[in-house]
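Below: one structure, written as structure tokens.
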Amino acid sequence: MSSTSTKPPAGTRDFLPDEVRRREHVIRIVRQVYERYGFEPLETPAFENIETLLGKYGEEGNRLIFKILKRGEHETSGEADLALRYDLTVPLARVVAQYQNELPRFWKRYQIQPVWRADRPARGRFREFYQCDIDAIGSTSPAVEADVIGAVCDVLGQLGFEGFSLRLNHRLVLSGLLDAAGVPPPQHSEALVALDKLDKISAGGVRAEFVTRGIDGAAAERCLASFEVGQAERPDDTLRRLRSALGEQDAAVGNLQSIVTLAAHTAAAGRIRIDPSLARGLSYYTGAIMEIAVPDLAGSLGGGGRYDNLVGMFLGRDVPACGFSLGLERIIVVMTERGMFPAKVGGAAVDVMVTMWNEDSRAEGLALAAELRRDGLRVDLYPEADKLGKQLKYAAGRSTPFVAILGDDERAKGMVSIKDMRSGDQHTVARGEAAEHIRSRRQ
RNA sequence: GUGGGCGUAGUUCAGUGGCAGAACGCCUGACUGUGGCUCAGGAGGUCGCGGGUUCGAUACCCGUCGCCCACCCCA
């Protein structure tokens, strides 16, 4: 007996059939919507050269990259030359730089693949998880943000989500407000960590955070005044206040205004909430930043933003880009808890199971199964000549809706008995009519 | 990385310093051609792991590992 643990490593999961069906249901809808918006599929390797990833995500991100040691005789050095991909955005930037001459001037791609982070697992947080990314390359137009936001909201709507909102902010609004409040640039990141908690611990809590982080009291008050937003506040009202704080001609506020105005004509209509306290940790964002949160979950369902100089880090020449990432498992966590999956997703593996009467009936059982499959049914053949009751119990345990009983009596007459396991009804029909009999009662 | 909770049958969980329990599930039979309902019987446990206290530890103490929750961060 082996003493090796049979559990998968912490933060990873095995997906049993029911779970795979749920995942594929979500992925199918995500892909369908993304393609409807003109995004094209891309896949990249699970691992990258380590220099590709280092220095792109900020200090925390660097720390969470899964590194791969050099192989062979170099292994003892402890040096890493490869790393598992941390997100899908940086590999995309590498691809854009590598194939610049083969890709269209404006390129929209989607990518649904696993990523890995050396993080501590928690509810809705894994060390291996799937991201569903869309990114639009090549344009600085706010129409790109509106398009991306619209696609993401469309996906959630198609999946059955209601009442979610999209928090929107801008990197330059963030720094502008901190400057205006008198927070010196070296303290910006400290202040942002505190402000990011505004929706969780209220103004009083943030005020205390500021004190412990050594930020000037007067500056802290000015921050709170400009960052706090009423729950139901409309984007236009928030933008008006931002203009009064940063100036009527502020470019970042104007950009947000354009995005809001344009997105009103997409599936994101009515979903956008301007939130000046939204920060986001990834360091490559340069413009608009956004995030989708739901009350059920501590973290977000997804996040994204504009990153106009990430491609330039590979290419030496900046290429504008904007994208969004949905977290597959977080969507599934919420959908499972709210019972949002259609009943058919958790349904039976097969439409009909053919029983095995005795050793003499095996060949005919296989032949019957083949006939039914030719008619498009999903068919299982019970593999052993157990008692009929045991075979029926097995079928019932798997929620199989029909059982085809091929006993000696039926075989002698070229018939088969079809039992509907849901109603208990049973009819003996000619072999050739079995498939149609089942199909017409299948629903 | 920080704080808290929980680890007992396949599953969900009781339990007590002195023989290891229930429900559900599973297996067998009543029912040699029929699942669900009923009844009778049965299998299944290193009480997470290691150490300590004790005549005796599943229980109390320490450590460790795992899982869950909150924080941090994020998808």
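Here is how names work: the chains are called A, B, and so on, in the same order as the sequence lines, proteins then strands, and each is numbered from 1.
Rounded to whole Å, atom P of B:rC73 lies 19 Å from atom CD1 of A:Ile65. Distance, A:Leu301 CG to B:rC74 P: 16 Å, rounded to whole Å. As a whole-Å value, the separation of A:Ile292 CD1 from B:rA75 P is 12 Å. Per the geometry, CZ belonging to A:Arg63 stands 11 Å off P belonging to B:rC74, to the nearest Å. With rounding to whole Å, A:Tyr130 atom OH is found 18 Å from B:rA75 atom P. Across the protein-nucleic acid pair, A:Asp386 atom CG and B:rG35 atom C1' stand 14 Å apart, rounded to whole Å. Atom CD of A:Glu291 and atom C1' of B:rA75 are 9 Å apart (whole Å). Atoms CG (A:Asp360) and P (B:rG33) sit 15 Å apart, rounded to a whole Å.
Going from the C1' atom of B:rA40 to that of B:rG51 covers 47 Å, rounded to whole Å. Rounded to whole Å, the C1' atom of B:rU64 lies 23 Å from the corresponding atom of B:rU54. The separation of B:rA59 from B:rA70, taken at their C1' atoms, amounts to 29 Å, rounded to a whole angstrom. Spacing of P atoms, B:rU2 relative to B:rC72, comes out at 16 Å, to the nearest Å. For the P atoms, the distance linking B:rA57 with B:rA23 amounts to 30 Å, nearest Å. A distance of about 15 Å separates the C1' atoms of B:rU8 and B:rG66, rounded to the whole Å. Straight-line distance between the C1' atoms of B:rA22 and B:rG17: roughly 23 Å, to the nearest whole Å. Taking atom P on both B:rC24 and B:rG18, the two are 28 Å apart, rounded to the nearest angstrom.
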Given the rule in the side chain to side chain contact (heavy atoms under 4.5 Å, CB included) test, do A:Leu326 and A:Ile134 qualify, once you have shown the distances and angles that lead to the verdict? CA-CA 9 Å; A:Leu326 285 172; A:Ile134 44 172; over 6 Å; no
Using the rule given for salt bridge (Lys or Arg N to Asp or Glu O under 4.0 Å), can you reason through A:Arg431 versus A:Glu364, listing the C-alpha separation, both sets of side-chain angles and the distance that settles it, and then say yes or no? CA-CA 11 Å; A:Arg431 287 258 301 258; A:Glu364 229 169 308; 3.1 Å; yes
Give the intermediate values and the outcome of salt bridge (Lys or Arg N to Asp or Glu O under 4.0 Å) for residues A:Lys108 and A:Asp135. CA-CA 6 Å; A:Lys108 293 164 74 174; A:Asp135 291 86; over 6 Å; no
Test salt bridge (Lys or Arg N to Asp or Glu O under 4.0 Å) on A:Arg127 and A:Asp119 and set out the steps. CA-CA 6 Å; A:Arg127 297 202 294 179; A:Asp119 210 344; over 6 Å; no
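Counting only residues at least two apart or on different chains, no ring-ring contact (aromatic ring centres under 6.0 Å, His included) pair has a member in residues 140-178 of chain A. Sequence neighbours left out, the pairs with a member in residues 375-403 of chain A that pass ring-ring contact (aromatic ring centres under 6.0 Å, His included) are A:Tyr382-A:Tyr394. Screening residues 127-156 of chain A for ring-ring contact (aromatic ring centres under 6.0 Å, His included) gives no qualifying pairs among residues at least two apart or on separate chains.
Only at 4.0 angstrom or more do the heavy atoms of residues 27-57 of chain A sit from any atom of RNA chain B, so none qualifies. The stretch residues 414-422 of chain A touches RNA chain B through A:Lys419, A:Met421, A:Arg422, each having a heavy atom under 4.0 angstrom from the strand. For residues 395-408 of chain A, proximity to RNA chain B is found at A:Ala396, A:Ile405, defined as any non-hydrogen atom under 4.0 angstrom from a strand atom. Near-neighbour residues of RNA chain B inside residues 12-21 of chain A, defined by a heavy atom below 4.0 Å, are absent.
Checking A:His25 against A:Arg21 by side-chain atom types alone, no donor-acceptor pair falls below 3.5 Å. Side-chain contact of A:Asp179 with A:His188: a donor-acceptor pair under 3.5 Å is present, judged by distance alone. A:Asp87 and A:Tyr284 share a donor-acceptor pair across their side chains, judged by distance under 3.5 Å alone. For the residue pair A:Glu233 and A:Thr238, a side-chain donor N or O sits within less than 3.5 Å of a side-chain acceptor on the partner. A:Glu410 and A:Thr428 form no side-chain donor-acceptor contact under 3.5 Å, judged by distance and modelled atom types alone.
Applying side chain to side chain contact (heavy atoms under 4.5 Å, CB included) to A:Val173 and the options A:Leu256, A:Asn255, A:Leu278, A:Leu178 leaves one that passes, A:Leu256.
An aromatic stacking contact links A:Phe129 with the base of B:rA75, defined here by ring centres under 5.5 Å apart and ring planes under 30° from parallel.
If you check every strand for non-hydrogen atoms under 4.0 Å, A:Gln391 touches nothing. Using a 4.0 Å heavy-atom criterion, one finds that A:Asp119 contacts the bases of the nucleic acid, with or without backbone contacts as well. No contact: A:Gly61 has no heavy atom under 4.0 Å from any strand. Residue contacts shown for A:Tyr394 are absent, as no nucleic acid heavy atom lies under 4.0 Å away. Counting non-hydrogen atoms under 4.0 angstrom, A:Glu410 reaches a base of the nucleic acid.
A salt bridge links A:Arg306 with A:Asp308: the closest approach of a Lys/Arg side-chain nitrogen to an acidic carboxylate oxygen falls below 4.0 angstrom. A salt bridge does not link A:Arg109 to A:Glu40: none of the charged nitrogens lies less than 4.0 Å from a carboxylate oxygen.
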Would you write the dot-bracket representation of RNA chain B, where each base gets (, ), [, ], | or . depending on whether it forms a Watson-Crick or G-U pair under 3.5 Å and with which partner? (((((((..((((....[..)))).(((((.......))))).....(((((..]....))))))))))))....
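Residues meeting the ring pair (Phe, Tyr, Trp, His ring centres under 6.0 Å) test with A:Phe47, sequence neighbours left out: none. A search for side chain to side chain donor-acceptor pair (under 3.5 Å) contacts involving A:Glu329 returns A:Arg13, A:Arg23, not counting sequence neighbours.
Remark: the backbone N or O of A:Ala349 is not paired with any side-chain donor or acceptor of A:Arg398 at under 3.5 angstrom. Checking side-chain atoms of A:Asn169 against main-chain N and O of A:Pro276 turns up a donor-acceptor pair under 3.5 Å.
The 12-atom threshold is not exceeded at CD of A:Glu162, counting heavy atoms of other residues, nucleotides or ligands nearer than 6.0 Å.
For the pair A:Arg22 and A:Phe341, the cation sits on the ring face: its NZ or CZ lies under 6.0 Å from the ring centre, inside 45° of the axis.
A:Arg85 is listed as a side-chain neighbour of A:Gln113, based on a closest heavy-atom distance under 4.5 Å.
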Show me the protein contacts with nucleotides 27-29 of chain B, counting only N or O atoms at under 3.5 Å.
unit_1	atom_1	unit_2	atom_2	d
B:rU28	OP1	A:Lys390	NZ	3.3

Using nucleotides 64-69 of chain B, report all nitrogen or oxygen pairs with the protein that are shorter than 3.5 Å.
unit_1	atom_1	unit_2	atom_2	d
B:rG66	O2'	A:Lys7	NZ	2.9

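Ring geometry for A:Tyr57 against A:Tyr86 counts as tilted: the plane angle lies between 30° and 60°, on a 0 to 90° scale.
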